[in-house]
Amino acid sequence: MQSPPVTKYVPFPPVTLPDRQWPNRTLTHTPVWCSVDLRDGNQALAQPMSVEEKLEFFDLLVKIGFKEIEIGFPSASQIEFDFCRRLIEGNRIPADVTIQILCQCREDLITRSLEALRGAKNVIFHLYNSTSPKQREYVFNASKAEIVRIATHAVGFLKREMVPLVTAGTRLRLEYSPESFTSTELPFALEICEAVTDRWSPTATDQIILNLPATVEYGTPNVHADQIEWMCRHLTRRAVTIVSLHTHHDRGTGVAATELALLAGADRVEGTLFGNGERTGNVDLVTVALNLYTHGIHPGLDFSDINHIREVYERCTRLEVPPRSPYAGELVFTAFSGSHQDAIKKSWAAQKPGAPWDVIYIPIDPADIGRSYKAIIRINSQSGKGGVAYVLENEFGYSLPKLMHKEIGRLINDLADAKGTELTPDEVHDLFRREYLDRTAPVTLTRFKTVERDSAVKCEAALTMDGATHALAADGNGPIDAFVRALGATNLPKFDVLSYSEHSLGTGAEARAVSYIQIKLAGGRTLYGAGTDTNIELASIKAVVSALNRALAKK
Ligand code: KIV
Ligand code: ZN
């Protein structure tokens with residue numbers, strides 16, 4: 001990098017618009033969406049999609065609810081031409097979906113594109129030419145007037161040549177893009193848009209789409225919004241113009257630029273699923289749409305099975321959705337930190353059915369986009385006790401007493417530390433079983449029976465320890481009390497029972513009970529034991545043995 005002062009780069013020029021309106025507005029409605037996955041997205045792939053993959057992707061876009069889909073650049077290659085024909089001849093385009101094709105402002109390419117479109121019902125013919133000073137100077141070596149002429153000539157040619165298509169029943173609308181709009185002087189961008197509009201003569205029923213691309217994102221989102229508001233205010237036929245956005249993401253602010261430009265008055269948004277596209281990509285429509293949704297505006301697009309959408313996208317594009325990508329990323333409904341897990345758990349429990357969504361750290365209900373709450377809590381050495389308790393309860397049905405959370409949380413953290421990676425729910429469950437439920441040594445309970453007597457209970461039990469069998473018996477005010485008293489007559493460590501709880505695991509004939517016992521040893525140390533059995537009384541006795549065995553192991 002250059003040492004300060006940085007002279008290699010200059011600030012992006014702001015727009016003089018002191019009475020800008022967009023900062024005081026809020027988003028209230030959804031824009032018209034246009035997917036450019038099959039054109040801008042596809043052209044940016046190291047290995048572009050095959051025709052079969054494009055067909056599958058097209059069907060996916062239709063299923064999501066896109067009504068305008070840029071399907072390619074049919075005059076650019078035979079594959080693109082053939083794909084367009086496959087869609088039309090195969091009757092794959094629903095009546096309410098408009099296909100959009102891209103074309104440079106050249107007569108031969110316009111003619112070829114019109115051939116590709118034969119038989120289509122609804123078409124947006126997208127013409128573009130570059131308008132920025134650098135493109136005019138370095139690439140085209142053309143004056144402003146020549147650049148305007150390229151565009152207006154193409155529009156005139158299209159108007160003439162499209163007559164047979166339109167007569168045969170195609171509804172054809174025009175989209176014009178001054179490519180590199182955001183790097184073009186605003187007065188010139190306006191001049192060329194006005195000239196194209198003049199040439200097309202839009203009406204209320206045949207509105208022109210003026211697409212104003214941030215072909216490369218150089219400015220900040222507020223400047224982009226100023227540029228769009230400036231255009232919206234200066235276009236003389238605004239009422240018959242659909243102002244469209246087409247943001248790229250070079251500075252990482254494609255979504256912000258799009259959202260602010262919608263505030264600035266734009267009507268339509270072009271972009272791709274998950275932000276595929278040249279360089280850093282086009283704007284990610286999944287994010288823009290679901291951002292609207294989480295503000296209470298239905299985007300008119302259906303992302304309720306986002307995992308499937310992501311799967312098709314990843315297979316067809318051979319790209320991966322990054323794990324932290326909004327809404328769709330693998331880890332976005334995952335909280336590793338204990339305090340986050342705790343807050344999620346508590347606020348989730350407080351969430352009332354039908355009430356506005358208010359779960360801390362989770363801005364959208366994962367279920368709305370087909371993702372599950374199960375994936376949310378994962379365990380690593382940073383996870384707190386709440387996360388472990390959550391996994392045991394939600395994945396395996398154990399509702400541990402509150403005071404036990406800390407004890408098991410510590411054990412799980414030690415295991416995660418030793419392993420050095422995250423623990424799966426099964427690993428958490430295994431540790432719980434090993435540490436509590438399967439603690440049958442050094443003391444093994446081989447028999448337990450109670451005999452009820454008036455107000456007291458007599459128990460008879462047998463234990464094995466160090467290869468020897470011990471028969472025990474005692475009276476108590478309940479089975480646990482009787483068993484603890486019986487143990488008191490042995491030379492095993494002395495303890496008191498501090499707390500006891502139980503619940504069933506599962507339902508019906510197969511149901512088992514699980515008991516949790518907290519004991520306090522003579523030295524004051526407390527610890528838990530747990531046991532399961534189809535017999536609830538036996539589950540509690542096993543929990544006592546589990547606690548005792550844990551105490552002996554720790555000794
Ligand atoms: O980014 C861009 O400017 C484009 C145009 C062709 C609209 O993709
Ligand atoms: Zn683009």
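Just so you know, ligand 1 is whichever comes first in the structure, and atom 1 is the first atom listed for that ligand. The structure presented is a predicted model; accordingly, all values stated were derived computationally and were not measured. No hydrogens, no waters, no symmetry mates; every other heavy atom, side chains included, goes into these values.
Taking every heavy atom of S177 and a limit of under 4.0 angstrom, the matching atoms of ligand 1 come to 7 (C). The atoms of ligand 1 that sit less than 4.0 Å from any heavy atom of E179 are 3 (O). Near D40, with a cut-off below 4.0 Å to any heavy atom, the atoms of ligand 1 are 8 (O). In the vicinity of H248, heavy-atom distances shorter than 4.0 Å reach the ligand 1 atoms 1 (O). Atom numbering of ligand 1 starts at 1 in the shown order; those under 4.0 Å from a heavy atom of H126 are 7 (C).
E217 and A257 get closest at one heavy-atom pair: OE2-CB, 4.0 Å.
Its N, O or S atom nearest to the Zn ion (ligand 2) is what matters here, and for D40 that atom is OD2.
Of the protein's non-hydrogen atoms, R39 NH2, 4.1 Å is the one closest to atom 5 (C) of ligand 1. Of the protein's heavy atoms, H246 NE2, 3.5 Å lies nearest to atom 4 (C) of ligand 1.
Defined by atom type and a distance below 3.5 Å, a donor-acceptor pair is missing between the side-chain atoms of E229 and Q21. Looking at T236 and E194, their side chains do bring a donor and an acceptor atom within 3.5 Å of each other. Checking Y313 against D37 by side-chain atom types alone, no donor-acceptor pair falls below 3.5 Å. Residues Q43 and R39 bring a donor and an acceptor atom of their side chains to less than 3.5 Å of each other.
Taking the centre and axis of the six-membered ring of F81, the NZ or CZ atom of R112 falls inside the cone set by 45° and 6.0 Å.
Counting heavy atoms closer than 4.0 Å to ligand 1, residue E278 contributes nothing at all.
With distances taken over non-hydrogen atoms, the option nearest atom 3 (O) of ligand 1 out of T182, N282, T215 is T215.
Ring planes of H126 and Y128: perpendicular class, angle over 60° (limits at 30 and 60°).
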